[in-house]
S.K.: 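First the structure, then my questions, so here it is.
Note that ligands are numbered from 1 as they come in the structure, with each ligand's atoms numbered from 1 the same way. Please read all numbers here as calculations on a predicted model, not as lab measurements. These numbers come from the heavy atoms of this one structure, side chains and all, not from hydrogens, waters or symmetry mates.
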Amino acid sequence: MAQYKPKTKEEIEAMRQGGKILAEVLLWLKEDKIKAGITTEIVDIYTREFFDKKKVKPVFLGYYGFPAAICISVNDAVIHGVPNTQTIIQDGDIVSLDCGVLHNNMIVDSAISFGIGEITEEARLLLERTNKSLNKAIKVIKAGATTGDIGYAVESYIDQFGYGIIRDYAGHGVGHKLHEDPTIPNYGKAGAGEKLISGLTIAVEPMITLGSEDVFTDADDDWTVYTDDGSLAAHFEHTILVTDKGAEILTQI
Ligand code: MG
Ligand code: MG
């Protein structure tokens, strides 16, 4: 078993503040800015402007060379979508935003997915159920629970719908770095894996598809991850503080 160092009170407070700003930018983009007809590159520009105003730093920009402040993954793109001038958001699309903030030297990470205009009933259900699987996972989190408990909570809820659960990517510890231990898969056995301790901060992020769980990375941009079968994907993520009593969501307003 790995030994994890709990975050200090000051570090947690920095993450709480950064998490609030991150939740604000995601909600602002969703409610006020993202509409049919705009390119995904514009969304990156809005994100950078918001961060400048709030005096926080985008963590994704430059991370292993990532060229933007935010990931925008449309329809069959699951994660790591690179904002660009070619992708125009359309009515009926589902859009996933994934973003990270550095504030007072601490990092938080969060993602949301939503529909543009009228979306199909099956897309609506995919969004609703993926979000619900994140809430199910959050409910089992407390000191003494395991990473397997989190994976099991997602998998045991999602399985009934026949959806694909992405296995090649997972949740993770977060705080000093964007990706810290432990790894938190979206499947697993209750009681298995790493034990969570009070003061640990983790990003939990189910990635669910209407079809295949197999994915590939775009050969041109070398980032965007798509479903093999072209099926729609949804992604929700929160940064969570593990406590003795349960979970505190840090990436909320
Ligand atoms: Mg993320
Ligand atoms: Mg993450």
Side-chain angles (χ1 to χ4, degrees), residues 4 7 15 18-27 29-30 40 43-44 47-48 50-51 56-74 77-83 94-103 106-114 127 130-131 133-135 137-138 141 147 150-151 153-154 165-188 193-194 196 200-209 215 217 223-226 233-242 247-252:
Y4 300 112
K7 265 69 175 184
M15 292 176 75
K20 187 164 176 283
I21 293 166
L22 180 52
E24 281 170 6
V25 73
L26 291 174
L27 186 68
L29 291 170
K30 176 188 169 184
T40 55
V43 181
D44 183 50
T47 305
R48 295 186 197 212
F50 192 97
F51 282 8
V56 296
K57 288 208 168 68
V59 187
F60 290 8
L61 185 63
Y63 187 78
Y64 288 95
F66 190 78
I70 190 165
C71 298
I72 310 171
S73 307
V74 181
V78 188
I79 49 169
H80 302 170
V82 181
I94 71 171
V95 171
S96 300
L97 303 177
D98 188 354
C99 198
V101 158
L102 176 72
H103 173 67
M106 298 302 290
I107 291 171
V108 285
D109 185 11
S110 184
I112 58 170
S113 298
F114 52 91
L127 293 169
T130 304
N131 192 23
S133 76
L134 173 57
N135 293 328
I138 291 170
I141 294 172
T147 54
I150 297 173
V154 173
I165 297 174
I166 304 296
R167 289 163 187 267
D168 292 355
Y169 297 89
H172 49 90
V174 62
H176 301 291
K177 292 188 289 180
L178 180 56
H179 294 109
E180 300 177 345
D181 287 335
T183 296
I184 306 170
N186 293 301
Y187 59 92
E194 303 280 342
L196 308 177
L200 185 68
T201 45
I202 53 176
V204 180
E205 49 179 317
M207 291 155 260
I208 309 295
T209 83
V215 292
T217 303
W223 278 105
T224 312
V225 174
Y226 292 97
H235 178 210
F236 286 86
E237 175 179 29
H238 273 308
T239 294
I240 307 285
L241 169 68
V242 179
E248 178 186 335
I249 300 172
L250 297 175
T251 41
Q252 67 183 0

S.K.: Starting from the C-alpha separation in whole Å, work towards a yes-or-no answer on side chain to side chain contact (heavy atoms under 4.5 Å, CB included) for L241 and I249.
M.R.: CA-CA 6 Å; L241 169 68; I249 300 172; over 6 Å; no

S.K.: Out of curiosity, L102 CG to F60 CZ, how far, rounded to the nearest 0.5 Å?
M.R.: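 Rounded to the nearest 0.5 Å, the CG-CZ separation comes out at 12.0 Å.
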
S.K.: Just how far is it from atom OH of Y187 to atom CZ of R167, taken to the nearest 0.5 Å?
M.R.: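 Here the interatomic distance stands at 6.0 Å.
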
S.K.: Could you name all protein N, O or S atoms found under 2.8 Å from the Mg ion (ligand 2)?
M.R.: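 Hits for the Mg ion (ligand 2) below 2.8 Å: D109 OD2, H172 NE2, E205 OE2, E237 OE2.
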
S.K.: So, Y169 versus H235, ring centres under 6.0 angstrom or not?
M.R.: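 When the ring centroids of Y169 and H235 are compared, they turn out to be at least 6.0 Å apart.
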
S.K.: Is any side-chain heavy atom of Y226 less than 4.5 Å from a side-chain heavy atom of V215?
M.R.: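 No. Closest side-chain heavy atoms not under 4.5 Å.
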
S.K.: Can you name the closest pair of heavy atoms from V174 and I107 and give their distance?
M.R.: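 For V174 and I107, the tightest heavy-atom pair comes out as CG2-O, 3.7 Å.
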
